[in-house]
Amino acid sequence: MSVNSAASTAKISAALGSMVQGSVVSEVAERLLGYFTSGEIAVGTRLPAERQLAASLGVGRSAVREALAALEILGIVIVRPGSGTYLRGGISELLPRTLSWGLMLGAPRTRELVELRGGLEVQAGQLAARRITDDALDRMRENLATMDQSLDDLATFVEADAAFHREIAAASGNQVLQELLQSIRSLLRIWVDRALTDEGHAAAALAEHREIFRALESRDEAAVTSAMRSHMDTASRRLLAGFDADQAPPEAEAD
């Protein structure tokens, strides 16, 4: 639903402020992106016209036009001919096309992302052990129930698995950590989808998630750390096994 009002466009223009002369397009895009993903304006808000944004930032219209084009590619804004430019998504949708980008990551970068994700998930779990609410635990119970009922439906299982981890990240209370994990998960999603190849893998993953849940329910930080670290070790092995299999060259055909 579009949000279109003079008050909204005036607020955006005022919040952006002017930039120093000579700023390059990337800096304009960075300023716009920082504000658009700050949560200060609602998804669907119509943005000020290029002319107004250029005046607010103290740059030429061409710089604003190129910056908005870059943000459109990222999926942050959407241009509707004859209507205007609208905010399409916030930080949780910052890289909506990373599913395909993940396929283009080389082996070293993929392995580094898997390693980084493991450490961040453990840290999120530690913070969540101190801050998680009963409501969040209730939602995680529902995630576990969905996983239990979807052992033969791996697509549904993977989505419930992801929702479980998003709850932990949200419960950490650390927005930067939450956003980093979301971006990394997006980049790795294609490999995560391929990591669970049968009901046996899913059942093992479910048992690991239940262990994490029990530790969170007890608010036992040490137990959460141990359970999450164990889960990330096995999850990373499953993910990289699928990645390595996909990257392996095809066997030569017999003469």
Side-chain angles (χ1 to χ4, degrees), residues 39 90-94 102 110-189 191-243:
I91 194 67
S92 63
E93 302 170 49
L94 178 57
T110 299
R111 292 180 183 281
E112 288 171 4
L113 280 174
V114 170
E115 186 177 73
L116 178 60
R117 183 193 68 160
L120 292 178
E121 291 279 12
V122 170
Q123 186 173 9
Q126 291 169 337
L127 292 172
R130 308 172 204 166
R131 302 169 177 171
I132 197 161
T133 64
D134 289 340
D135 286 344
L137 288 169
D138 287 342
R139 290 190 294 271
M140 293 174 72
R141 282 191 192 89
E142 293 177 5
N143 298 147
L144 289 173
T146 300
M147 293 167 72
D148 189 32
Q149 297 160 11
S150 306
L151 293 174
D152 58 350
D153 180 357
L154 297 183
T156 300
F157 184 97
V158 167
E159 183 50 47
D161 182 330
F164 182 95
H165 283 276
R166 286 195 297 269
E167 287 290 348
I168 295 175
S172 76
N174 187 309
Q175 187 68 24
V176 173
L177 178 58
Q178 185 177 353
E179 291 164 6
L180 282 171
L181 277 168
Q182 180 61 36
S183 294
I184 292 172
R185 289 192 198 104
S186 296
L187 282 166
L188 293 175
R189 179 60 188 262
W191 306 116
V192 170
D193 287 351
R194 297 179 182 184
L196 293 174
T197 56
D198 57 43
E199 290 185 32
H201 285 161
L206 175 58
E208 293 162 12
H209 284 78
R210 283 175 170 157
E211 191 68 24
I212 294 168
F213 178 80
R214 283 192 289 269
L216 283 169
E217 192 175 30
S218 299
R219 274 75 172 184
D220 186 335
E221 187 175 340
V224 171
T225 300
S226 177
M228 182 64 83
R229 187 168 288 142
S230 177
H231 170 54
M232 294 314 302
D233 284 346
T234 56
S236 296
R237 284 198 297 271
R238 283 193 294 263
L239 188 152
L240 289 173
F243 173 77

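Treat the numbers as computed from the prediction; the structure is a model and nothing was measured.
The two residues Leu137 and Phe213 make their nearest non-hydrogen contact at O-CE1, 3.4 Å. Across every non-hydrogen atom of Leu181 and Ala169, the tightest pair is CD1-CB, 4.1 Å.
Applying the salt bridge (charged side-chain N to carboxylate O under 4.0 Å, His left out) test between Asp134 and each of Arg139, Arg141, Arg219 identifies Arg219 as the sole match. The residue from Leu127, Ile132, Leu120 that alone fulfils the side chain to side chain contact (heavy atoms under 4.5 Å, CB included) condition with Ser172 is Leu127.
To the nearest 0.5 Å, atom OG1 of residue Thr146 and atom CG of residue Asp161 are 11.5 Å apart. With rounding to the nearest 0.5 angstrom, the CD atom of Glu221 is 12.5 Å from the OG atom of Ser226. Distance check, rounded to the nearest 0.5 Å: CG of Asn143 to CG of Leu206 gives 11.5 Å. For the atom pair CZ of Arg111 and CG of Leu240, the computed distance is 5.0 Å after rounding to the nearest 0.5 Å.
Gln175 and Glu179 share a side-chain donor-acceptor pair at under 3.5 Å.
Residues Arg214 and Glu217 are not paired through a salt bridge, judged by the lack of any N-O separation under 4.0 Å between the basic side chain and the carboxylate. Salt bridge annotation for Arg166-Glu159: present, with a cationic side-chain nitrogen under 4.0 angstrom from a carboxylate oxygen.
Distance alone, capped at 3.5 Å, is enough to place a donor-acceptor pair between the Thr133 side chain and the Ala136 backbone. The main-chain N or O of Ala171 is never found under 3.5 Å from a side-chain atom of Arg131 such that the two would form a donor-acceptor pair.
Contact annotation: the side chain of Gln126 never approaches that of Val224 to less than 4.5 Å [non-hydrogen atoms, C-beta and beyond]. Using a 4.5 Å heavy-atom cutoff, the side chains of Phe157 and Asp152 are not in contact. Taking the side chain as every heavy atom from C-beta outward, Ile212 and Ile168 approach each other to under 4.5 Å.
In this structure, the ring-ring contact (aromatic ring centres under 6.0 Å, His included) partners of Phe164, at least two apart in sequence or on a different chain, are His209.
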Verdict with supporting geometry, Ser236 and Arg117, side chain to side chain contact (heavy atoms under 4.5 Å, CB included) = CA-CA 9 Å; Ser236 296; Arg117 183 193 68 160; 4.1 Å; yes

task = Go through the steps for Arg210 and Met147 under the test side chain to side chain contact (heavy atoms under 4.5 Å, CB included), then give the verdict.
result = CA-CA 10 Å; Arg210 283 175 170 157; Met147 293 167 72; over 6 Å; no

ask   = Where do Leu154 and His201 land on the side chain to side chain contact (heavy atoms under 4.5 Å, CB included) test, with the steps shown first?
value = CA-CA 10 Å; Leu154 297 183; His201 285 161; over 6 Å; no

Could you pull out every donor-acceptor pair under 3.5 Å between side chains of residues 227-235 and any protein atom, sequence neighbours left out?
unit_1 : atom_1 : unit_2 : atom_2 : d
His231 : ND1    : Glu208 : OE1    : 2.6
His231 : NE2    : His165 : NE2    : 3.3
Thr234 : OG1    : Glu208 : OE1    : 3.1
Thr234 : OG1    : Glu208 : OE2    : 2.9
Thr234 : OG1    : Ser230 : O      : 3.3
Thr234 : OG1    : His231 : O      : 3.0

